[in-house]
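One structure is given below, encoded as structure tokens.
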Amino acid sequence: MKKTSLIFKGCLLLLFVTMFIVCGFYGTPTALADEYSETPAPISSQYSNTDASEYPDNCEGIGYLPEYTTENLTDAEKRGRCTWYLWTGGNAKYYRDLAKRTHGSADLLKLIDSKDHDERFKLYGAINDPGCEKSTEKDEYGLRLDKCKDPLSTGVIGLRKFPNPNFDQAKWNPDEYFKTSKVEPPYLIGQSCAICHVALDPLNPPKDNEHPKWENLVAALGNQYIKESEFFGRSIADNSFVKQVLKSQKPGTSDTSRIATDHINNPNAINAIFNLGDRPTYPEVMNDGSTKDVNHILKDGADSTGVAAASLRVYVNIGMCGDYWTSLHEPLLGRTPQKPFDIEKARKECKDWRETEARMADAESFLKTIKPMHLKDAPGGEEFLTKDEEVLKRGKRVFASTCAGCHSSKKPTAEIAADPEQAQKWYEESVLSSNFLDHNFLSDDQRYPVTLIGTNAGRSLGTNATKGHIWDQFSSKTYKELPSPGNLTLYNPFDEKKPIEFKIPNGGLGYYRTPSLISIWATAPLLHNNALGLYNEDPSVKGRVAAYTDAMEKLLWPEKREGIISRTNRDTKLELPPGDPNPRFRLPVPKGTPVNLLASINIREAITSLNLSSLFQDLKPGGGIKGKLARVLLRANKSPDFVEDEGHYFGSNLPDEDKKALIEFVKTF
């Protein structure tokens, strides 16, 4: 009995340590300091010695952008474009505090050092501001920052620079700052939507990825080359388990539940935005009991109370109204239960909320101007498209019979849809028509159970929008009352003969909405986690088509998939306290450990829901101490689904010629 007790205590200790290390490295305080200004002050009217005609669009005090070159925009759409590229919602103060709490490991000011100017795309997947150039000299504060035409630009698209009201020249020491980030710097760095969404243009790729021009950028394709893990992990030792968690994140993804943590390591792909005006809506019951037609936004369709609310939630999630937001949860640690973010309270008490909310209609207007990008319009794109009309026709018929039921916003009437034979005839006529792609969102935007889709369940199991959690007011009552999709039978990396049985909780969990296929030729790898297909870091037309082709072949021929499970690639250490330069404890994690075995556990829930009979079953003889620990950790895991490139096997049983024809047709989207 003593042996069992010791094992039990050891398991709990390991869970406790795991939670602090994995979730706590980027620990932030429960209330952000109020000493930073709510909203950045307008910039000077002087334009850093730049000819005003070069950047005629002054975005009403928040920065400068060149004229939009694709099409004429209305005044509202221009204002929306300024918001999309430049507006931070006052989140710079949040990132300053983050730098202090992580002893400088997560410090945006350090990331904009001009010494990295010529290799930012290679290092971080970051896109250089075309209006900036590398600096060879340090400024008056001993910092080497890019020389920019826009004085609020940092040199990186999406990162904005503001004066720090708490800066004290007498206390400033740049050498000390770069060691600990404790002393107040002269600048605060904020983040806009552009950091993740602005991308290199597939129809006009740059000659040099490190030095694009404005005409080489597009607003909302989603930067599938951004390396979020490198933004915050460069200074972490290679033998740290935290480094392994960050390294498991695929390029082009963002873990949007890292701060207000759902205790699941689930980075997900940054969506491309096209044809928003054609996106389907569905009637859902709101939290006040009313019914409203809404889009299903986010991978799981959880944002379901309207586009404006979903957009505002994103700004909060990147630091807007941070003092209030972080009082409702323990950022990244999550040791205390979350409380719902109160929209009315934020509207009343947070100036940044009100100013951002006033910008959302214009931002939506701008995003609705963004149209699909077709491979035929890319330089040399025609050479990658089949000229065989019979192949294309075959591909269209395959799409109609296999894909269009989910991947088309054009639908038959309810009467026709009720008859499978008539519905199939309708879809074939629709897909074969010359205007099938016109105003087609290429998704029904419906939620489907992960038990049907079969892809990695991690993102669908996030709890932040469920009842009583941080984003409760941003999800519909309909979403929060969704039933459990049932049970998942999952691969067990510790015992292949004993699959993991996982019951999905009810209340909104376990669903994915259908992603749009618009311009998919330019956005591979595939799946919600970017785990399927070649990542070649090549934004040329040839490189994008190569990535698309590889991903589609693995989608339709599952035997070509790799069965990816992110594992530690070396012996690592769990360090306590997390992020401390001089940790007091270092516990070993052996090479080959599945990263998400430790990275997807909520220690508080694991302890409060502890079932002794289950515990004794997990501690039964067999498997040694490692086997016992594995069983305990698997039971505590919030998403024990370790294979990342699995699922979506629709079409895998088609004849090879049908698959090839389908790939050719989808390439034209």
Side-chain angles (χ1 to χ4, degrees), residues 57 59-60 62-63 65 68 70-91 157-158 191-199 217-223 254 256 270-284 286 290 292-299 301-318 320-321 341 343 346-347 350 352-373 409 439-443 445 465 471 473-476 479 513 515-516 518-519:
D57 186 8
C59 290
E60 299 179 342
I62 65 170
L65 290 173
Y68 200 65
T70 302
E71 58 184 291
N72 294 324
L73 299 180
T74 66
D75 288 344
E77 290 162 356
K78 287 180 180 179
R79 291 192 299 269
R81 177 173 175 256
C82 289
T83 294
W84 185 253
Y85 274 85
L86 307 176
W87 183 254
T88 67
N91 62 26
I157 291 288
Q191 187 179 116
S192 74
C193 295
I195 185 67
C196 291
H197 290 278
V198 170
L217 306 183
V218 288
L221 181 69
N223 183 359
S254 179
T256 54
I270 300 164
N271 290 332
I273 298 175
F274 295 110
N275 283 2
L276 282 192
D278 303 307
R279 188 170 187 167
T281 60
Y282 296 94
E284 300 217 347
M286 299 294 101
S290 64
K292 180 179 178 181
D293 288 340
V294 295
N295 302 123
H296 294 155
I297 301 172
L298 295 182
K299 297 291 186 292
D303 271 356
S304 44
T305 60
V307 172
S311 302
L312 286 161
R313 186 201 58 76
V314 171
Y315 275 100
V316 175
N317 203 38
I318 60 173
M320 182 180 77
C321 306
F341 186 96
I343 293 174
R347 184 176 287 126
C350 179
D352 289 326
W353 174 282
R354 296 191 297 274
E355 293 187 349
T356 304
E357 188 171 32
R359 291 174 170 271
M360 290 300 95
D362 289 344
E364 183 178 353
S365 295
F366 167 64
L367 293 177
K368 284 182 175 178
T369 68
I370 299 174
K371 304 302 180 186
M373 299 175 181
S409 57
H439 296 285
N440 196 331
F441 189 62
L442 290 179
S443 161
D445 219 34
W471 306 130
Q473 292 193 13
F474 297 84
S475 63
S476 67
Y479 166 82
R513 67 165 180 82
S516 173
I518 296 176
S519 304

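Note that the structure is a prediction, hence the values are computed from the model and not measured.
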**OP:** Verify, without hydrogens or angle tests, whether Glu284 (side chain) and Ser476 (backbone) share a donor-acceptor contact under 3.5 angstrom.
**Re:** no
Residues two or more places apart in sequence or in another chain: which of them pass side chain to side chain donor-acceptor pair (under 3.5 Å) with [X]?
X      : value
Asn295 : none
Asn440 : Ser408, Ser409
Arg513 : none
Asn223 : none

Residues that [X] engages under side-chain contact (heavy atoms from CB on, under 4.5 Å), provided they are two or more places apart:
X      : value
Ala310 : Ile297, Asp303
Ala76  : Thr74, Arg79, Asp362
Pro372 : Asn275, His374, Ile518, Ser519

Going by salt bridge (charged side-chain N to carboxylate O under 4.0 Å, His left out), name the residues that satisfy it together with [X], two or more places apart in sequence or in a different chain.
X      : answer
Arg347 : Glu344, Glu357
Glu77  : none
Arg359 : none
Lys368 : Glu364

Between [Y] and [X], is there a side-chain heavy-atom distance shorter than 4.5 Å?
X      : Y      : value
Trp353 : Thr356 : no
Leu86  : Arg81  : no
Gln473 : Phe341 : no

Original post:
How would you list, by chain and number, every residue that makes a ring pair (Phe, Tyr, Trp, His ring centres under 6.0 Å) with Phe274, sequence neighbours excluded?
Top reply: none
